[in-house]
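Notes follow once the structure below has been shown.
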Amino acid sequence: MQENREEKAVVIIGSGIMGRDIAAIFVAGGWTTQLVARDQARWPDARQLLAASARQLGNHDDAKVVFRASIKDIDWQHVQAVLEVVPEQLALKQSLFAELDAAAPAHVVFGSNSSGIRITDIAQGLPGAGRMANTHFFQPAHLVPLVEIAKGEATTQATMDRLYDIFASLGRAPVRVNRDLPGFLANRIQHALMREAFAVIDSGLASADDVDLAVQFGFGFRYAAAGPMLLKEFAGFDTQHAAATAIYPSLSNDTAPGKTLAGLVQQGRFGMKAKKGFRDWTDEAIAEERTRYEAALVKAAAVLGPPKIKRST
Ligand SMILES: NC(=O)C1=CN([C@@H]2O[C@H](COP(=O)(O)OP(=O)(O)OC[C@H]3O[C@@H](n4cnc5c(N)ncnc54)[C@H](O)[C@@H]3O)[C@@H](O)[C@H]2O)C=CC1
Ligand SMILES: O=C(O)[C@@H](O)C(=O)[C@H](O)[C@@H](O)CO
């Protein structure tokens, strides 16, 4: 299908860890990208980081990047979508979506990058709830191809198709999630793994470093070559069934974060953003680790190859 050559524009609300890398995807794809970021003092740094990410995708045109201090300043001409990427706070997301719904032309579709809050709850009661979905990226958003698009109770099929096609046109790997359960699809699976990983550390079964080594150099490494279900076609579902029968009863069924994760947060050990997590971080160590990590992701993406997806239209 001939790509629509009209001027394409997107609005990203929030220019933090995720917002600027999501913006970089659109800039690299030639979209005019307006970022709503309240703190103008942080615009230069955000612009610089966005440009670096867009260059990693092979294309950056700084003229395509426009910062706005408020939703009221948005130029809606050519805008096709708005992606919300503000902190994981339901009330904040709800107030932003209400303001955006009142301001955006009817054809504009909305996505929330929430990690786990359902769009049904964010869009609750809004006239435009039908044009809103969860659109969940993974960090770093510009290097991890997956975007899970979760359908809220009011989300229309047309909205799902439009968002799917936008992300497919940008070379991402969109997946459709048929209902918006907390954590959608991939984040439910990731958090199931993280729940067990923290339970292993809580119980003293293994250290945090050995959890990382076991996953990265064990089954995690395989996922660059095949997904978990394909891997079990190799292994045998009879063996999977037998192992599951033996293992499931002792797996963690915690319904809240355990002592290690809760302790890290109570101590303000949020990770690199706080310069301390399981370990302390200097700016130099963070920069070094991010460079190593992102270079490894670029190589892994080459092994991964393009996703098998089918455009809606
Ligand atoms: N950090 C991660 O690894 C991932 C985070 N997410 C989700 O993405 C969302 C954003 O997370 P991060 O980028 O990590 O947060 P962040 O704290 O790095 O960035 C949030 C940005 O939103 C801005 N902001 C806050 N209120 C605003 C408002 N009213 N208008 C405009 N901008 C506003 C802040 O100034 C900040 O720049 C959250 O819902 C999070 O759960 C999703 C995937 C991965
Ligand atoms: O891992 C990611 O990038 C995403 O799944 C996220 O939403 C966040 O990391 C969140 O799950 C906190 O781990």
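Remember, it's 1-based here, ligands and their atoms both numbered in the order they're listed. What you see is a predicted model, and the numbers here were worked out from it, not measured in a lab.
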Taking only Lys NZ, Arg NE, NH1 and NH2, and the carboxylate oxygens of Asp or Glu, determine whether Glu148 and Arg176 approach each other closer than 4.0 Å.
no

I need the nearest protein heavy-atom contact for atom 18 (O) of ligand 1: residue, atom name and distance, please.
Ile17 N, 2.9 Å

Counting heavy atoms only, which of Pro87, Ser115, Pro140 is nearest atom 25 (C) of ligand 1?
Pro87

Pairing of Asp121 and Lys93 as salt bridge, 4.0 angstrom limit:
no

Report the nearest protein non-hydrogen atom to atom 31 (C) of ligand 1: residue, atom name, distance rounded to 0.1 Å.
Val36 O, 3.7 Å

Distance filter under 4.0 Å, heavy atoms only, around ligand 2 gives Ser115, His136, Phe138, Gln139, Asn187, Gln190, His191

Between Arg47 and Phe67, is NZ or CZ placed under 6.0 angstrom from the six-membered ring centre and within 45° of the ring axis?
no

Side chain, backbone, both or neither: Leu92 near ligand 1, heavy atoms under 4.0 Å:
side chain

Thr120: which residues meet the side chain to side chain donor-acceptor pair (under 3.5 Å) condition with it, sequence neighbours left out?
Asp180

From Asn113 CG over to Thr135 OG1, what is the distance, rounded to the nearest 0.5 angstrom?
6.0 Å

Which of the ligand 1 atoms, numbered from 1, are nearer than 4.0 Å to a heavy atom of Ser114:
39 (O)

Flag: protein heavy atom within less than 4.0 Å of atom 15 (O) of ligand 1
no

Is a donor from one side chain sitting under 3.5 angstrom from an acceptor on the other, for Ser252 and Glu196?
no

Out of Glu88, Arg20, Gln139, Arg38, whose heavy atom sits nearest atom 27 (C) of ligand 1?
Arg38

Given the rule in the side-chain contact (heavy atoms from CB on, under 4.5 Å) test, do Ile201 and Val211 qualify, once you have shown the distances and angles that lead to the verdict?
CA-CA 8 Å; Ile201 297 165; Val211 165; 4.0 Å; yes

Looking only at protein heavy atoms, identify the closest one to atom 13 (O) of ligand 1 and say how far it is in Å.
Met18 N, 2.9 Å

Just to confirm my output: which protein heavy-atom neighbour is closest to atom 19 (O) of ligand 1, and how far is it?
Gly16 CA, 3.3 Å

Assign the ring pair Phe26 / Phe167 to parallel, tilted or perpendicular, where the plane angle (0 to 90°) is split at 30° and 60°.
perpendicular

Between Lys93 and ligand 1, find which residue part has any heavy-atom pair under 4.0 Å and reply side chain, backbone, both or neither.
side chain

Heavy-atom pairs closer than 4.0 Å: do any link ligand 1 to the side chain of Phe138, the backbone, both, or neither?
neither

As a test of the contact definition, would atom 34 (C) of ligand 1 count as having a protein heavy-atom neighbour under 4.0 Å?
no

Check the hydrophobic clustering (I, L, V, M, F, W, Y; side-chain heavy atoms under 4.5 Å; chains of links allowed) and say if Val108 and Val85 are grouped together.
no

Could you measure the distance from the CD1 atom of Ile12 to the CZ atom of Arg68? Nearest 0.5 Å is fine.
13.5 Å

How long is the gap from CD on Glu99 to CD1 on Ile71, to the nearest 0.5 Å?
4.0 Å

Between Arg179 and Glu153, is there a salt bridge with N-O shorter than 4.0 Å?
no

The option among Val85, Val86, Asn113 carrying the non-hydrogen atom nearest to atom 38 (C) of ligand 1 is Val86

Ion pair check, Arg42 and Asp45, cut-off under 4.0 Å:
no

When distances are taken from atom 43 (C) of ligand 1, the protein heavy atom at minimum range is Phe137 O, 3.2 Å

Mark the output for His136 as yes if a heavy-atom distance to ligand 1 is under 4.0 Å, and as no if none is.
yes

